[in-house]
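Down below is the structure, laid out as C-alpha cells.
Small disclaimer: the values here were computed from a predicted structure and weren't measured. Throughout, a chain's letter reflects where its sequence line sits, starting with A, and its residues are numbered from 1.
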Number of protein chains: 2
Amino acid sequence: MASRTGRVTATDVAKEAGVSQTTVSYVLNDVPHQKISDQTRRKVLDAVAKLGYKPSAAARALRLGRSDLVLMFLPDVPVGGTITALVEMLGDELERHGLNLVTRREHHAPLKSLWRELMPAAVMTAFEVSDEDVASMRAAGIHVVSAGMGPDAAPGVLTIPQTVIGAMQVERLADTGHVRIGYAAPGDPRLRDFLALRLEGARTACAERGLEPPVLLDVPLDIAAAAAAAEQWHSAVPAVTGVCAYNDETAFALLAGMRRVGLSAPGDLAVIGVDNDKLAPFAMPPLTTIDNNLDVVVGRAARMIVSGVTGRALPSSPQVTPVSLVVRESA
Amino acid sequence: MASRTGRVTATDVAKEAGVSQTTVSYVLNDVPHQKISDQTRRKVLDAVAKLGYKPSAAARALRLGRSDLVLMFLPDVPVGGTITALVEMLGDELERHGLNLVTRREHHAPLKSLWRELMPAAVMTAFEVSDEDVASMRAAGIHVVSAGMGPDAAPGVLTIPQTVIGAMQVERLADTGHVRIGYAAPGDPRLRDFLALRLEGARTACAERGLEPPVLLDVPLDIAAAAAAAEQWHSAVPAVTGVCAYNDETAFALLAGMRRVGLSAPGDLAVIGVDNDKLAPFAMPPLTTIDNNLDVVVGRAARMIVSGVTGRALPSSPQVTPVSLVVRESA
DNA sequence: TTGTAGGCGTTATCAG
DNA sequence: CTGATAACGCCTACAA
C-alpha cells in the first residue's frame, strides 16, 4: 500500500476504495458542483479512516500557493502575561479551523523574508508594520489583520484601544473622589508606545472632568525607586491621591514601595492597575484594575482571520470595547 | 521574470544569473562535493539578492519529506507563566536555526493526526505521550524530544526534575530552623501530576532530615479558603511553621489569607513558592521562591532539537539541575 | 563544473 | 459522475 516513503497518500486511499484519486480529492474537499454518489463517498471515507490518511500540508501548500500557517508578529517588548495569553488563546482558536499559528518577534526575522518563505494563509501584525509590507502581502494574496492600539477602527484592523484603558482608570479615580491624579510609567523604554496612548487617554479623561493633567512619574520595578515616587506624589501640593499604574506589575511595585514608607492604599494613595493579573486579587490590598478581556479580543481576531482566509463574511461583531473595570480594594 | 504566480523561483534566479537551476540549488545549499567556481557562486548570490528570492518552504518540505516545523505538545493544564515563557523562549531560539515552532494542546489535536500532516522536523512532547506514538514518529524519521518531570535521565529526554523543587523548598525551611513542614497544594486537579512529584520530593527531603512528612492542605486561589488553611497549620500541635507552596500563585493566595487572619510571614508561618514570578519581589513580604531557570532549560531543549535535526552531535551539556533558590523575606 | 530530467503529494482542467 | 494528466517549486542522481 504505502509507497516506499511510508506515507499514506491519496492514491493509496483511491486504490483501497477502488476509485480514482481524483474522486478522493473531490470527496475530501467537498467540491461543490460535483455530484458524488453517497455510496462512493462512503467507500472513500471508509478507506480514509482505515488507512489513517492525512493529506500532506506541504503538497497542499505547494499546489494551492498558500499554507495553513498563520504568522503572527509580536512587538519586541517584554511581553507581559497579557500578550502571551493572547497568543496562547489565539493558537487554540485558530486550530479549530485547521490553521496553525507561528509567532515571531519583529526584530528577529525581517518579516518579508519569512512570509515569502512560508506562504501563510494570513498574517497578523501586532502594532507596527510598514504599509508597504502590508501592501505586498496583500498583493501576494495573504490576508492581513493588523492590531491597532489607537482609537481608529479602520477595516481589517483589530482595535485594542489603549486610550480607553487610561481613560477608564482616571474615571474610576475621579468617581471615587480623587481630584489630583498621578500616572505611574514603567521603566522599560520599549513600552513607550503603549504608554503614550494610555497616558493620552488618561489626559483626555482628566481634561473632560476639569482635572489637572496626571502627574507622571517613572516607577521602575524596584521597591526603593517605587517608594520614592510614592512619597513624591504624596507630598506634592496639592497632593496626588490616586495613581493610574501602567500595568499590574507597576502597580505591585508601587504598592510595595508605599508599604516601605508607611503609605497605605487607598487611604494615602489609591492605585489602579491594568491587566487583571492572576495575582491581582492577592495584592495588599487587593488590586483594582482594568481587564483587557482577552477572550473577546481573541475571538474577534480569530474571526477576522478565519473569515478572511475562508472568504466568508464575518458575522457582524458588536465592536464593543472589551475593556472593563475590576473593582477590588486598592482604588 | 517571476512566473505568472508572482513568486520568484529558483528558476528565475538561474535565468537572471545565467546558469542552470541546479547550480542555484547547489550554491544555496552549500552542497559538499560540488566545486562551484567563485565567480558562478557570486553571480548566483547576486541574483538571489537582486530578486529577493526566498525558497518555498512548502516545496522544500514536499521534496525532503520533512518541513522546518517543530511541533510542541503542551500538557493540558492551566499553563502558568512558566510554560508560556518557555514556549516563547524556545520559539526564539529555534528560529535562529531556521526552525518554526508550532504549539498545540494535547487534548485538541490527537497528535498523530497532526504530525502526519505537518511532517515536522522534530516533535517536542511535554510530559505525556504514549511510547507507541513516539515509536511511530521516530520510524517516520521525526526527531522526538520528550520533557520528563521525574528524576530519570533517559537519553533524548529533557529532564525537568520536579522532585528537586520540592526537596529544595524543604531544605530551605529546615535550614532556617523549621521542623514541622506544611505543603500547600493547588486546587486545580489538572496539576496533580506535577503536584505528586513535587510533593514526593518534599517528603523525601523531610525523611532525610528526620522530619515528619509535610502536612498537606489544599490552598485554592481564594483568600477565605487560604486563610482557613493557614489557621489550620498554625493551630496544629505541634504547629506547622513553614509551608512549601505548589507555586507562587498559591503562595500569594496563602500570604493573602494569612493577612486576613492576622498571621505574618515568616514569623507565624514561613512561605516558600515556586516559579520566581515577576511579582514575587513585590509580595508582602517579598516571596522566597524556587527559580526554574528556564533559560537554561530552553537552551538545552533547543540544543537537543537542533542537534537532532541537523544530525550533529550535541555539545556535551553539563546536565546540572537548573533549579535554584531565590531567598527574599517570606522564608 | 554544469545541465537534464524525474518525482515528492495535491489540486484542477479536461475529456470520457 | 469518474479517470488521466499537468503543474506547484525544489532537490538530486545521472549525464555531459
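Computed from coordinates, the A:Q21 CD to D:dA4 P distance equals 11 Å when rounded to whole Å. Distance CG (B:D38) to P (C:dT1): 10 Å, rounded to an integer number of Å. We find that CD of B:E117 is positioned 13 Å from C1' of C:dG9, with the value rounded to whole Å. Rounded to whole Å, atom P of C:dT11 lies 7 Å from atom CG of A:L28. One atom, NZ of B:K15, and another, P of D:dC10, lie 12 Å apart when rounded to the nearest Å. When the P atom of D:dC10 is taken as reference, atom CG of B:N29 falls 10 Å away, rounded to whole Å. A straight line from OH of B:Y26 to C1' of D:dA13 spans 8 Å, rounded to a whole angstrom. Computed from coordinates, the B:K54 NZ to D:dC10 P distance equals 12 Å when rounded to whole Å.
Which of D:dG9, C:dA12, C:dG3 sits closest to the side chain of A:T22 comes down to C:dA12.
With hydrogens and angles ignored, the 3.5 Å screen pairs no side-chain donor or acceptor of B:N29 with any backbone N or O of B:Y26. A donor-acceptor pair under 3.5 Å is absent between the side-chain atoms of B:N292 and the main chain of B:L294, judged by distance alone.
Contacts of A:T23 with the nucleic acid, taken as non-hydrogen atoms under 4.0 Å apart, involve only primed sugar atoms and P, OP1 or OP2. The residue A:S56 sits close only to the backbone: its heavy atoms come under 4.0 Å of sugar-phosphate atoms, none of a base.
For C:dA12, the base has no donor-acceptor partner in the side chain of A:S25 [N/O atoms by modelled type, under 3.5 angstrom]. Within 3.5 Å, no donor on the side chain of B:T40 pairs with an acceptor on the base of C:dT2, nor the reverse.
Side-chain N/O atoms of A:T9 include none lying less than 4.0 angstrom from OP1 or OP2 on C:dG9. Between B:S20 and C:dG3 there is a side-chain polar atom (N or O) within less than 4.0 angstrom of OP1 or OP2. A close approach under 4.0 Å does occur between a side-chain nitrogen or oxygen of B:Y53 and OP1 or OP2 of D:dC10. Residue B:S37 places at least one side-chain N or O under 4.0 Å from the OP1 or OP2 atom of C:dT2.
In this structure A:L64 satisfies the side chain to side chain contact (heavy atoms under 4.5 Å, CB included) test together with A:R60, A:R66, sequence neighbours excluded. Scanning for salt bridge (charged side-chain N to carboxylate O under 4.0 Å, His left out) contacts around A:E93 gives A:R96, with sequence neighbours left out.
For the pair B:R105 and A:E88, the salt-bridge criterion is met [side-chain N within less than 4.0 Å of a carboxylate O].
For the atom pair A:E95 CD and B:R104 CZ, the distance stands at 4.0 Å (nearest 0.5 Å).
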_The test is salt bridge (charged side-chain N to carboxylate O under 4.0 Å, His left out); show your working for B:R41 and B:D30 and say whether it passes._
CA-CA 10 Å; B:R41 176 185 307 278; B:D30 263 335; 3.6 Å; yes
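The stretch residues 59-70 of chain B comes close to DNA chain C through B:L62, B:R63, each having a heavy atom under 4.0 Å from the strand.
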